[in-house]
Amino acid sequence: MTMRAIGIVGAGGRMGRMLVQAVQSARCCLVAASERPGSELIGQDAGEVAGVGRLGVAITGQTASLFAPDRVVIDFTRPEATLSHLEEAIAAGSPLVIGTTGFDAAGRAQIEAAAQKIPIVFAPNFSVGVNLMFRVAAEMARVLEESYDIEIIEAHHRHKVDAPSGTALGLGRAITEAIGRDLDEVAVYGREGVTGERERRTIGFATIRGGDIVGDHTVLFAGEGERLELTHRASSRMTFAKGAVRAAIWVSGRPPGLYSMGDVLGL
Ligand code: NAD
């Protein structure tokens with residue numbers, strides 16, 4: 001059994017193509033790939049679609065057929081697609097790496113329940129830099145929270161379908177956990193009209209969408225007479241793809257559980 005065998009759901013997507021490239025450069029073995037039923041990419045070679053040359057892996061429209069105990073499956077697609085395949089992954093005992101964002105609370109609960117039966121790495125962002133940023137932002141909030149207002153600003157390309165980004169929400173969660181606030185209570189998603197003065201304990205989220213921005217995140221701590229800004233800018237999706245493949249290698253052979261990228265990186 002080769003534990004570096006990898007299957008990719010959504011192999012024709014922006015991240016899917018990057019993942020195929022990253023699997024190749026990590027010397028893992030792409031053993032299966034899928035696309036949504038009806039996609040024109042079905043039947044094509046996953047390597048050719050990703051621009052790395054023929055790999056002998058035809059893209060299937062049957063994502064369920066990807067799952068097997070001898071491989072890790074990486075899924076960067078859409079919440080409804082990811083959730084619809086959890087049962088098959090459990091039945092096959094296939095570890096999962098989930099990068100899809102935009103789940104609601106019920107969706108997140110379904111992933112947590114699945115992780116009692118199979119190992120799952122679930123992260124809103126697989127870049128090493130962003131995962132370090134979660135840690136640093138939490139530490140800054142611990143020191144500054146009394147007299148600094150906290151705002152989170154994110155920017156992404158025009159094709160992104162969810163807002164604020166999973167990473168922005170992840171930063172919000174890391175910060176609120178560190179300072180004992182409840183994100184659902186304190187989050188303010190966008191402002192318009194006569195909003196009144198800012199309430200002290202709120203955390204504001206601002207979203208920018210445009211062009212081909214891969215992903216920028218800033219946590220702003222604004223006090224009297226000074227402000228601190230912690231910023232991460234991704235310039236290539238390859239950073240997420242490499243992190244996801246690293247997570248896939250790490251998670252194979254682990255016991256069932258819900259793991260974060262922080263666990264993978266030992267942060
Ligand atoms: P995309 O639209 O380019 O790609 C998604 C692909 O999934 C499409 O090709 C689509 O056809 C395919 N798909 C949909 N349903 C499917 C199904 N049932 N079976 C197989 N394939 C299916 O989107 P993208 O930019 O690649 O982003 C995908 C997801 O990854 C989004 O949720 C995005 O927010 C997230 N993302 C996460 C990270 C991270 O580090 N966690 C980084 C970038 C993007």
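Values below: every heavy atom of this structure, side chains too, minus hydrogens, waters and symmetry copies. Atoms within each ligand, like the ligands themselves, are counted from 1 in listed order. Computed from a predicted structure; not experimentally measured. Nothing fancy with the numbering, it's 1 onward along the sequence.
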When you measure from [atom] to every protein heavy atom, which one gives the shortest distance, and what is it?
atom                    : value
atom 29 (C) of ligand 1 : Thr77 O, 3.2 Å
atom 32 (O) of ligand 1 : Thr101 N, 3.0 Å
atom 1 (P) of ligand 1  : Arg14 NH2, 3.7 Å
atom 39 (C) of ligand 1 : Pro124 O, 3.4 Å
atom 43 (C) of ligand 1 : Met15 CG, 3.6 Å

Taking N or O atoms only and a 3.5 Å limit, does [X] qualify as a polar contact for ligand 1?
X      : answer
Phe126 : yes
Glu35  : yes
Lys160 : yes

Are any of the heavy atoms in [X] under 4.0 Å away from ligand 1?
X     : result
His85 : yes
Ser34 : yes
Met18 : no

Q) Looking at residues at least two apart in the chain, or sitting in another chain, which of them share a side chain to side chain donor-acceptor pair (under 3.5 Å) with Asp216? A)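 If we apply the side chain to side chain donor-acceptor pair (under 3.5 Å) test to Asp216, skipping adjacent residues, the hits are Arg233.
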For atom [atom1] of [X], is the number of surrounding heavy atoms from other residues, nucleotides or ligands below 6.0 Å larger than 12?
X      : atom1 : answer
Asp212 : CG    : no
Arg227 : CZ    : no
Arg158 : CZ    : no
Glu80  : CD    : yes

(Q) Counting only heavy atoms, tell me which of Arg36, Arg78, His159 gets closest to atom 2 (O) of ligand 1. (A)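 It is Arg78 whose heavy atom sits nearest to atom 2 (O) of ligand 1.
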Q. Which option out of Gly61, Gly13, Ala33, Ala81 puts a heavy atom nearest to atom 17 (C) of ligand 1?
A.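 Nearest heavy atom to atom 17 (C) of ligand 1 lies in Ala81.
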Q: Give a yes or no on whether a salt bridge exists between Arg191 and Glu151, defined as a side-chain N under 4.0 angstrom from a carboxylate O.
A: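 Yes.
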Q) Which ILVMFWY residues are connected to Val49, directly or by a chain of links, through side-chain heavy atoms under 4.5 Å apart? A)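 Under the 4.5 Å side-chain rule, Val49 groups with Leu41, Ile59.
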Q.
Below 4.0 Å, non-hydrogen atoms only: which portion of Ser84 touches ligand 1? Side chain, backbone, both or neither.
A.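 Under 4.0 Å from ligand 1, Ser84 contributes no heavy atoms.
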Q: May I ask you to establish whether Arg254 and Trp250 are in a cation-pi arrangement, using a distance under 6.0 Å from NZ or CZ to the six-membered ring centre and at most 45° from the ring axis?
A: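 Output yes; distance and angle both within limits.
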